[in-house]
Amino acid sequence: LFDHQHSLDPSDWDAFRRQSHQALDDMLDYVATIRKRPVWQPAPQSTENQFRSGLPTAQSTLATALATFQQHILPYAVGNAHPGFMGWVHGGGNVVGMVADMLAAGLNSNLGGRDHIPIVVEQQVVRWMAELFGFPHDASGLFVTGSSLANWIAILIARTSALGIKVRKQGLRAQVPSLTAYASEGTHGCVAKALDMSGLGSDQLRRIATHDNFRINVAELQRAIAADRTAGLQPFCVIGNAGTVDTGAIDDLAALADVCRREKLWFHVDGACGALGMMSARLKPQFAGIEQADSLALDFHKWAQVPYDAGFVLVRDSQLHRQTFAAPAAYLGRAQRGLAAGSPWPCDYGPDLSRNFKALKVWFTLQVFGANRLGLMMDTTCNLARSLEQRIASESELELLAPVSLNIVCFRFRSQHAVNELNSQLVIELQESGLVAPSSTEINGQVAIRAAIFNHRTTRSDIDLLVDTTLRLGRKLRLAGVAS
Ligand SMILES: *Cc1c(COP(=O)(O)O)cnc(C)c1O
């Protein structure tokens, strides 16, 4: 297929075409028949050993690499494409996005900057998001790997807003008093990490208590802000949740927007797993207030089913966004015409310079399915969460541990003894069953089986399988005395 000339292109395009078409067909077969496979299975040692050999120096063949993929990689993925996967917060992917990603790889575009249509495509998605979330038409946005980075970018812009752009040169050395940020106890760990990576320190994130429904207690928030001001600190940012990772709780975003306006604080929303629920007419009212955010982080790779990775940050004030990241360099000089036109460039809006064309798989997914269809798919996952909630209520051996806001259900198998140990073990056994794969979390110190229903392939039969298998394995563990 490949000869020893300079280029890495095939010498026999027809043969390469046959093999690559076959690879595409094999992948489509995998997705089309995924239900017949285990959700997840541990890899045998022989497979692990496949990936312990040293750097290949000599030429091999595409056929060999494809065979290794089929035999040793494909069967041992985490399983989030499978309808029985309910662990953590993972999207299922979609085949339209998969084809788009292949096209993007073929183009091999670098979206750091310069004047080309791939950036225009990314900008169109930015405007679509501004439209969806009721942001101004000239809001800025940027694709990043995930909401961990999107939240970090937002915290850095909020830092610029509070301290001015001089902080970029001077750092925080001269910074008294210190900045403080606020978010509910249910906030994802990447927000504290964002404060850490911003040099502000994760201790400066105040974790505000929540109500029984896991929404932030706004009165507590106001007390915390007042206490910090009294102590001579400088509150600068409130982070609201549009779907917390543990329970899917949506904070009262309108109330948070009010607090931020009154207190002159930056209002950021972590909408990683929930915000795209705005595409559903039924869910949209729950997000009221999101349109007032200064910045918003979200993930297309979760509920919107775009293949990994496709995180995104949307920012109301594009100028402040640019001032936080733009850094002139001679080799990145701009021009009025030619390839160096089209300034500002995406590299002016974030830490990345080289960037792939993530926007294409998002653009294709939105073009082909449309926002309404995606919204209905999200409704369906919420309906499934409701039916799971109902089945839990009807089973005396199960109990719900948190109210169901969206599509995440936290519950456990009841036990008189060692209930936390039993449920931790139960989650592992469920995963090892290959039938369903929830994950675990802790709700008020109680170990929960967490079913996050984010996969568009999941149906009512998968919910029943989860409940039936939980009951079967839970009873077995109870009998075996794991809980005594
Ligand atoms: C997943 C998630 C994150 C982190 O996003 P990544 O895309 O994994 O970086 C942050 N916040 C919430 C609420 C999440 O669900």
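The residues of the chain are indexed from 1 along the displayed sequence. Counting starts at 1 for both ligands and their atoms, in listed order.
At a 3.5 angstrom cut-off on N or O pairs, S148 counts as close to ligand 1.
Across P307 and M98, no two heavy atoms sit closer than the pair CG-N, 3.7 Å. Scanning all heavy atoms of the two residues, the minimum distance from A181 to F236 falls at CB-CE2, 3.7 Å.
Protein heavy atom nearest atom 2 (C) of ligand 1, with residue, atom name and distance: K302 NZ, 2.3 Å. Looking at atom 11 (N) of ligand 1, its nearest protein heavy atom turns out to be D270 OD2, 2.7 Å. For atom 10 (C) of ligand 1, the nearest non-hydrogen atom of the protein is H188 CG, 3.3 Å. Ranking the protein heavy atoms by distance from atom 7 (O) of ligand 1 puts D299 OD2, 2.6 Å first. Protein heavy atom nearest atom 12 (C) of ligand 1, with residue, atom name and distance: A272 CB, 3.3 Å.
For the residue pair Y182 and D228, a side-chain donor N or O sits within less than 3.5 Å of a side-chain acceptor on the partner. Remark: the N423 side chain and the S440 side chain contain no N/O donor-acceptor pair separated by less than 3.5 Å. T145 and D309 form no side-chain donor-acceptor contact under 3.5 Å, judged by distance and modelled atom types alone. No hydrogens or angles considered: nothing links the side chains of S461 and D464 as a donor-acceptor pair under 3.5 Å.
Taking every heavy atom of H301 and a limit of under 4.0 angstrom, the matching atoms of ligand 1 come to 7 (O). Remark: ligand 1 atoms within the under-4.0 Å shell around heavy atoms of C190 are 10 (C). Shown in contact with G243 at under 4.0 Å from a heavy atom are these atoms of ligand 1, numbered in order with element: 13 (C). Near G146, meaning under 4.0 Å from one of its heavy atoms, ligand 1 places the atoms 7 (O), 9 (O).
Residues F143 and F312 bring their aromatic ring centres within 6.0 Å.
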